[in-house]
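Structure, as structure tokens:
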Amino acid sequence: MTVAIDKKLNELTATEIVAAINARTTTCEAVVRACLERIAERETEVGAWAYCDAKQAITAAQAFDKSGRRGPIAGVPFGVKDIIDTRSMTTECGSPIYRGRKAARDAACVTQLVKAGAIVLGKAVTTEFAGAHAGKTHNPHNLRHTPAGSSSGSAAAVADFMAPIGYGTQTSGSVIRPGAFNGVVAYKGTYGWADLAGVKTYAKSLDTLGFFAREANDLALIRAAYGREAAEPPRRVPRIGFCRTRWWEMAEPYNRKNIETAVRALRAAGAKVRTWDMPESWDRLIDAHQKVMTREATFHYGPERARFSNLLSPSLAQSLEYGDTVSRRQMADANKKRRRAQADLAEVWDKFDFLVVPAARGEAPAGLGWTGDPIFNRFWTFLGPPCIALPFGTGPFGLPLSIQLIGPHRGDDQLIAWARWVEQHLS
């Protein structure tokens, strides 16, 4: 691959960085320095980073260049959401409870990319314990608007060309919604696809690892670092299910129009598009998700609550109080609803390769205190399929809009391949 000479190194995609390093037209150190220069230029405005040590990142890049290593993601710098442990950097989880904390070892997902040759650039801001209490990050497209949560720093860093890729996690909509609001590609994998050892989880049966990138092809590159083999779309046009969801009227009118425009463009490109309507029973999934999420959070944050309740935000304290009220019977009923809906969704893949659905209600709301509504994400997280947000269009304030693709359980690599097809035909 030839890298355009008029493109700054920090603006390269992960795919382009690997190609340039392999072709010896640049070095890992040069890429890292370009990212650090961008951070120095914009961090005071965007506030994407909780920890970034320029000397440490440059030293790691120099060691990589001397090693002569190669690989699917070798030499690519990345940001790490600050609920994910790193041995040489603080992991504060967006909370004063863990100020200055350093873990004994890297989280499994950090080790995975470092072993593949990637360079940890720094720790990206998260909301408090990946919950609803916002951090310091601003949306780089308009600093008066939210970047969403809880993976706010990672998404903003990728959007503002501070890093080519970044890790996030999703419990409700914490990867897909920041991807949509910041105008980057976002991937939430099938539930359980990656080891979460060393990640401060919120709800055990929901939390899923994801990441942000600048193009769909980069998702395959990162998956390759996990030993997954990139897939190619079948030699036929896709069978797309257009699902407005049970909450379509909650999407802003301009966003509904934008999604329908994307669907028409895909149909014009040859895709076989049909409408798929959710079962009415799915109306109850939002409440079921809320019960499971908050109840599981009471177990995960029991120690912090017992010792440092005065250091918890009011929003987290209120959420945990709600979780206290969820009974075993209600949990069993919520999980029963989940299993029934998962069975409904499994039948969809006999007809469709993937679904096109809303990624968010609209563009990023103004203000920094509220990270946005996860209404179009939480039921998919509850059911566990892979999800991808792809930028498409802009809203009335000129902020990015996106569509969301949903694929079969464990069909992540095929969904990424279809995302590349969609990206190509919507560009």
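Predicted, not measured: the structure shown is a model, and the values here were computed from it.
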- request: List the steps, then state whether side-chain hydrogen bond (donor to acceptor under 3.5 Å, both in side chains) holds for Thr381 with Arg378.
  value: CA-CA 5 Å; Thr381 308; Arg378 51 197 307 173; over 6 Å; no
message: What I'd like to find out is whether the side chain of Val175 reaches to under 4.5 Å of the side chain of Asn377, using heavy atoms alone.
response: no
query: Taking atom types as modelled, is there a side-chain donor on Arg177 or Thr371 under 3.5 Å from an acceptor on the other?
result: yes
statement: Rounded to the nearest 0.5 angstrom, the CD-CG distance for Glu128 and Leu311 is 9.5 Å
- prompt: Does Lys291 reach the main-chain N or O of Ala334 with its side chain, forming a donor-acceptor pair under 3.5 Å?
  reply: no
- request: Answer yes or no for Arg223 and Trp193: cation-pi contact, defined as NZ/CZ to six-membered ring centre under 6.0 Å and angle to ring axis within 45°.
  value: yes
message: Other residues, nucleotides and ligands only: do more than 12 of their heavy atoms fall within 6.0 Å of CD on Glu45?
response: yes
query: Where the side chain of Ser319 meets the backbone of Ser315, is there a donor-acceptor pair that is under 3.5 Å apart?
result: no
task: Determine whether His133 and Thr127 make a side-chain contact, defined as any pair of heavy atoms from C-beta on separated by less than 4.5 Å.
output: no
task: Determine whether Val18 and Val76 make a side-chain contact, defined as any pair of heavy atoms from C-beta on separated by less than 4.5 Å.
output: yes
query: Do Thr325 side-chain atoms and Tyr322 backbone N/O form a donor-acceptor pair below 3.5 Å?
result: yes
field: Electrostatic pair Glu260:Lys257 at N-O distance under 4.0 angstrom
entry: no
statement: Smallest heavy-atom separation, Val110 atom then Tyr167 atom, equals N-CE1, 4.3 Å
task: Walk me through it: do Val292 and Ser205 pass the test side chain to side chain contact (heavy atoms under 4.5 Å, CB included)?
output: CA-CA 8 Å; Val292 169; Ser205 73; 3.5 Å; yes
query: Which heavy atom of Glu304 sits nearest a heavy atom of Tyr301, and at what distance?
result: OE1-CA, 3.3 Å
query: Under the side-chain hydrogen bond (donor to acceptor under 3.5 Å, both in side chains) test, which residues partner Lys188, sequence neighbours left out?
result: none
query: side-chain hydrogen bond (donor to acceptor under 3.5 Å, both in side chains) between Ser281 and Lys337: does it pass, once the steps are laid out?
result: CA-CA 8 Å; Ser281 60; Lys337 289 183 174 68; over 6 Å; no
message: Taking CZ in Arg256 as the centre, count heavy atoms belonging to other residues, nucleotides or ligands within less than 6.0 Å. Is the count above 12?
response: yes
task: Apply side chain to side chain contact (heavy atoms under 4.5 Å, CB included) to the pair Leu383 and Trp282, showing each step before the final yes or no.
output: CA-CA 11 Å; Leu383 301 185; Trp282 283 33; 3.5 Å; yes
- prompt: What are the two closest non-hydrogen atoms of Leu390 and Glu423, and how far apart are they?
  reply: CD1-N, 4.2 Å
field: Euclidean distance, Lys272 NZ relative to Arg267 CZ, rounded to 0.5 Å
entry: 13.0 Å
query: Does Thr86 use its side chain to pair, donor to acceptor, with the backbone of Asp106 at less than 3.5 Å?
result: no
message: How long is the straight-line distance from CZ of Arg101 back to CD of Glu92, given to the nearest 0.5 Å?
response: 10.0 Å
query: Within a strict 4.5 Å, meaning less than it, do heavy atoms of the Val46 and Met162 side chains meet?
result: yes
Minimum heavy-atom distance between Ser88 and Gln56, given as atom pair plus value: OG-NE2, 2.7 Å
query: Got a donor-acceptor contact below 3.5 angstrom from the Asn255 side chain to the Arg361 backbone?
result: yes
query: For Asp207, does its backbone N or O pair with a side-chain atom of Gln170 as donor and acceptor, under 3.5 Å?
result: no
- prompt: More than 12 foreign heavy atoms under 6.0 Å from NZ of Lys136: is that the case here?
  reply: yes
message: Return the CD1 to SG distance between Ile84 and Cys109, rounded to the nearest 0.5 Å.
response: 4.0 Å
message: Does the plane of the ring in Phe382 sit parallel, tilted or perpendicular to the ring in His289? Use 30° and 60° as the thresholds.
response: perpendicular
query: Heavy atoms, side chains only, cut-off 4.5 Å: are Pro140 and Asn182 in contact?
result: yes
query: Closest approach of Ala364 and Asn139, non-hydrogen atoms and distance?
result: CB-ND2, 3.6 Å
message: Once rounded to the nearest 0.5 Å, what's the spacing between atom CZ of Arg214 and atom CZ of Phe161?
response: 5.5 Å
task: May I ask you to test the His409-Pro385 pair for a side-chain heavy-atom distance under 4.5 Å?
output: no
query: Between the side chain of Asp413 and the main-chain N/O of Ala220, is any donor-acceptor distance below 3.5 Å?
result: no
message: For the CZ atom on Phe397, are there more than 12 heavy atoms of other groups (residues, nucleotides or ligands in this structure) within a distance under 6.0 Å?
response: no
- request: Could you give me the CA-CA distance, side-chain angles and deciding distance for Val158 and Phe78, then say whether side chain to side chain contact (heavy atoms under 4.5 Å, CB included) is met?
  value: CA-CA 9 Å; Val158 174; Phe78 69 104; over 6 Å; no
query: Can you find a pair of side-chain heavy atoms, one from Lys81 and one from Ser150, that are under 4.5 Å apart?
result: yes
query: Do the ring planes of Tyr187 and Phe211 sit parallel (below 30°), tilted (30 to 60°) or perpendicular (above 60°)?
result: tilted
Derivation of the side-chain hydrogen bond (donor to acceptor under 3.5 Å, both in side chains) call for Asp218 and Thr15: CA-CA 6 Å; Asp218 288 352; Thr15 303; 2.5 Å; yes
task: Answer yes or no: is there a side-chain heavy-atom contact under 4.5 Å between Leu121 and Leu36?
output: yes
- prompt: Looking at Val237 and Asp353, what are the two nearest heavy atoms and their distance?
  reply: O-OD2, 4.5 Å
Check: Glu363 side chain, Leu399 main-chain N or O, donor-acceptor pair, under 3.5 Å: yes
field: Sidechain-backbone polar pair: Glu215 side chain, Thr13 backbone, donor-acceptor under 3.5 Å
entry: no
message: For the CZ atom on Arg228, are there more than 12 heavy atoms of other groups (residues, nucleotides or ligands in this structure) within a distance under 6.0 Å?
response: yes
query: Do any N or O atoms from the side chain of Thr26 and from the backbone of Ile21 form a donor-acceptor pair under 3.5 angstrom?
result: no
- request: Take Val32 and Leu9, measure what side chain to side chain contact (heavy atoms under 4.5 Å, CB included) needs, and give me the verdict at the end.
  value: CA-CA 9 Å; Val32 167; Leu9 291 177; over 6 Å; no
task: Please list, chain by chain and in numerical order, all residues satisfying side-chain hydrogen bond (donor to acceptor under 3.5 Å, both in side chains) with Thr208, sequence neighbours excluded.
output: none
message: Could you walk me through whether Phe354 and Trp349 satisfy the ring-ring contact (aromatic ring centres under 6.0 Å, His included) test, starting with their C-alpha distance in whole Å, then the side-chain angles of each, then the deciding distance to 0.1 Å, before giving a yes or no?
response: CA-CA 7 Å; Phe354 58 91; Trp349 313 122; 8.8 Å; no
Rounded distance [0.5 Å steps], CD1 in Ile165 versus CG in Leu221: 7.5 Å
- request: Taking only Lys NZ, Arg NE, NH1 and NH2, and the carboxylate oxygens of Asp or Glu, determine whether Glu16 and Lys7 approach each other closer than 4.0 Å.
  value: yes
